[in-house]
Number of protein chains: 2
Amino acid sequence: MSRTQRSQLRPPRPGIRGRGIPEATVARLPLYLRALHALAERGVATVSSEELAAAAGVNSAKLRKDLSHLGSYGTRGVGYEVQYLVYQISRELGLTQDWAVAIVGIGNLGRALAHYGGFASRGFRIAALLDAAPGVVGQTIAGITVEPIDDLERVIKEQGVSIAVLATPAGPAQLVCDRLVAAGVTSVLNFAPVVLSVAEGVHVRKVDLSIELQILAFHEQRKSGGTVMDAERLVRELDAVDAVDAVDATEAAGEAAEAAEAMEGMRQ
Amino acid sequence: MSRTQRSQLRPPRPGIRGRGIPEATVARLPLYLRALHALAERGVATVSSEELAAAAGVNSAKLRKDLSHLGSYGTRGVGYEVQYLVYQISRELGLTQDWAVAIVGIGNLGRALAHYGGFASRGFRIAALLDAAPGVVGQTIAGITVEPIDDLERVIKEQGVSIAVLATPAGPAQLVCDRLVAAGVTSVLNFAPVVLSVAEGVHVRKVDLSIELQILAFHEQRKSGGTVMDAERLVRELDAVDAVDAVDATEAAGEAAEAAEAMEGMRQ
DNA sequence: CCGACTTTGTGCGTACGTTCACAAAGGCGT
DNA sequence: ACGCCTTTGTGAACGTACGCACAAAGTCGG
């Protein structure tokens with residue numbers, strides 16, 4: 001029923017192409033790296049894409065395609081040399097140099113992160129711990145003394161920190177983030193339950209326990225959800241019919257609204 | 001440059017369509033929910049897709065499409081009623097019921113998670129803490145007594161736990177996971193740096209600090225990477241040329257190998 | 001030195017996700 | 001009552017990701 005023909009849509013991007021590795025691939029490289037380290041420790045010299053894929057929990061075609069983005073390492077009929085591949089991936093990920101990391105917010109989580117050995121092991125060095133609470137400042141955690149948040153700018157610059165871990169409460173998170181960025185930090189790993197806004201060129205990754213749990217709850221409900229067939233779910237399934245049109249949608253909304261009215265205690 | 005023009009590609013079947021909400025959408029719903037809660041607390045009654053999208057850090061078209069998967073809530077010309085939308089999303093995510101959660105492995109991380117208030121707030125109740133260390137068992141953390149890992153099966157069943165948080169070291173993770181699943185757990189939030197293998201129908205989500213940092217390091221390197229132009233990077237860029245063929249790839253591998261040989265201290 | 005076998009690297013079709021742009025829908029002022 | 005203005009919901013284009021399947025490339029036994 002589409003009457004509008006829109007044909008001369010011009011993509012303004014000519015395509016600078018060839019620039020980089022797909023984000024999805026980058027996200028998997030650490031996985032491969034870990035599997036390779038495990039193999040290396042067991043003295044394995046070479047590994048096939050099939051084996052490595054199994055160890056990393058992906059399928060082998062995907063692994064091969066991922067690795068092909070780094071270059072043509074690997075020998076047909078044999079596989080990949082473990083040590084060599086470790087080096088190539090490490091290099092691509094930027095792990096052949098050391099990164100100074102600062103952890104801001106030394107609550108329960110910050111403390112746990114400071115103790116976590118996985119950091120130091122591969123290219124990351126905890127260069128500073130920062131907190132605002134007077135009771136925490138001065139404490140020594142994992143061999144590092146917690147410094148006051150007021151010294152943030154000085155510490156970041158002195159230590160050459162470019163990656164920061166934000167483990168403060170939600171309240172001060174944006175403010176602290178702004179100060180970090182102003183002081184020279186260009187990558188932030190954010191544990192605070194807020195959406196950070198940062199200048200272009202600054203990378204933020206978010207880890208949110210609450211969100212992860214909610215996603216699990218969704219699937220959990222799906223599993224046991226076949227039993228509960230309420231008005232709303234019914235309505236949604238009517239929507240799913242192919243011949244749906246605007247009238248249906250309107251009615252659906254109306255019925256759903258009724259269902260909602262029938263319900264009282266809305267969790268605030 | 002695409003030379004193959006593929007015009008009359010017929011999608012043979014749209015599929016059984018209408019079955020479910022896209023995974024990407026599900027992952028964003030908690031984000032919207034959080035933004036909505038914040039708005040509700042400030043007493044906001046209705047919100048436009050533009051405003052809500054800004055609060056959640058996504059673009060408005062995406063938000064509208066996401067919400068459209070739940071049904072046709074929202075009024076044209078006005079926006080969405082905050083309270084109502086909160087209810088709809090909560091319901092879709094399965095947060096209108098309470099989920100019993102068990103945390104296994106009460107190290108620094110497990111402790112931090114147990115203290116984290118974000119759990120209890122919305123539909124999740126920490127029903128049990130479990131650990132293997134005699135020194136930890138019996139401790140009371142956030143009002144909950146740590147129970148011995150031997151009682152895992154009993155505790156899971158007694159409390160009706162279906163979602164477990166795995167915060168053990170890598171070593172015992174798979175074993176513990178197997179026991180959890182055998183005891184009835186069907187969703188696992190895994191903090192251990194291992195790839196868990198589980199039976200079909202069990203959902204696993206992974207949170208890995210080390211991986212997140214490595215991804216950041218990759219981008220960090222990219223930013224400052226313009227300066228370092230070594231043989232390998234050069235080779236990779238030759239690869240990026242359109243007219244690349246097998247010969248190029250082979251040479252690239254060869255040269256890269258030389259570069260690697262020149263390097264000695266491979267980080268193990 | 002050759003032929004069989006193994007495994008990589010990738011072209012291709014499909015599915016999924018994102019973004020644009022706009023018609024439809026509804027409120028609101030006059 | 002009507003037309004203007006705002007905002008939703010969505011069709012369609014575009015881009016990314018995935019996985020199959022296979023030719024190319026290399027090893028290894030004889």
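Chain A is the first sequence line, chain B the second, and so forth, proteins listed ahead of strands; every chain is numbered from 1.
- Residue-to-nucleotide contacts include a donor-acceptor pair under 3.5 Å from the side chain of B:K65 to the base of C:dT19.
- At whole-Å resolution of the value, CZ in A:R28 and P in D:dT16 are 15 Å apart.
- In this structure, B:S49 reaches the D:dT8 phosphate: one of its side-chain N or O atoms is under 4.0 Å from OP1 or OP2.
- The distance between atom CG of B:D66 and atom C1' of D:dT10, rounded to the nearest whole Å, is 13 Å.
- Going from atom CD of A:E50 over to atom C1' of D:dC20 covers 13 Å, rounded to whole Å.
- Side-chain proximity of A:R64 to the nucleotides C:dG17, D:dT27, D:dC22 is greatest for D:dC22.
- Atom CG of B:N59 is separated from atom C1' of D:dT10 by 14 Å (rounded to the nearest Å).
- Between the CG atom of A:L63 and the P atom of C:dT8 there is a distance of 8 Å, rounded to whole Å.
- At whole-Å resolution of the value, CD in B:E23 and P in C:dC16 are 12 Å apart.
- Applying the side-chain hydrogen bond (donor to acceptor under 3.5 Å, both in side chains) criterion to B:T25, with sequence neighbours excluded, gives B:D66.
- Every residue was checked against the side-chain hydrogen bond (donor to acceptor under 3.5 Å, both in side chains) condition with B:E81, not counting sequence neighbours, and none meets it.
- The NE2 atom of B:H69 sits 17 Å away from the P atom of D:dT8 (whole-angstrom rounding).
- Judged purely by distance below 3.5 Å, without hydrogens or angles, the side chains of B:R64 and B:S49 pair a donor atom with an acceptor atom.
- For A:R76 against C:dT7, a side-chain-to-base donor-acceptor contact under 3.5 Å is absent.
- Among the atoms of the strands shown, base atoms are found under 4.0 Å from some heavy atom of A:A61.
- Checking the phosphate oxygens (OP1, OP2) of C:dT19, a side-chain nitrogen or oxygen of B:K62 falls inside 4.0 Å.
- The side chain of A:Y80 places no N or O atom within less than 4.0 Å of a non-bridging phosphate oxygen (OP1 or OP2) of D:dG26.
- In this structure, the nucleotide among D:dA12, D:dA17, C:dG17 sitting nearest to the side chain of A:A24 is D:dA17.
- Both B:S68 and A:T75 lie near DNA chain D, and the one whose nearest nucleotide falls closer to the 5' end is B:S68.
- Side chains of B:Q214 and B:S210: a donor on one and an acceptor on the other come within 3.5 Å.
- When each of B:G77 and A:L67 is assigned the nucleotide of DNA chain C bearing its nearest heavy atom, the one mapping closer to the 5' terminus is A:L67.
- Atom CD of A:E51 is separated from atom C1' of C:dT7 by 11 Å (rounded to the nearest Å).
- With no hydrogens or angles considered, a side-chain donor-acceptor pair links B:Y84 and B:Q88 at under 3.5 Å.
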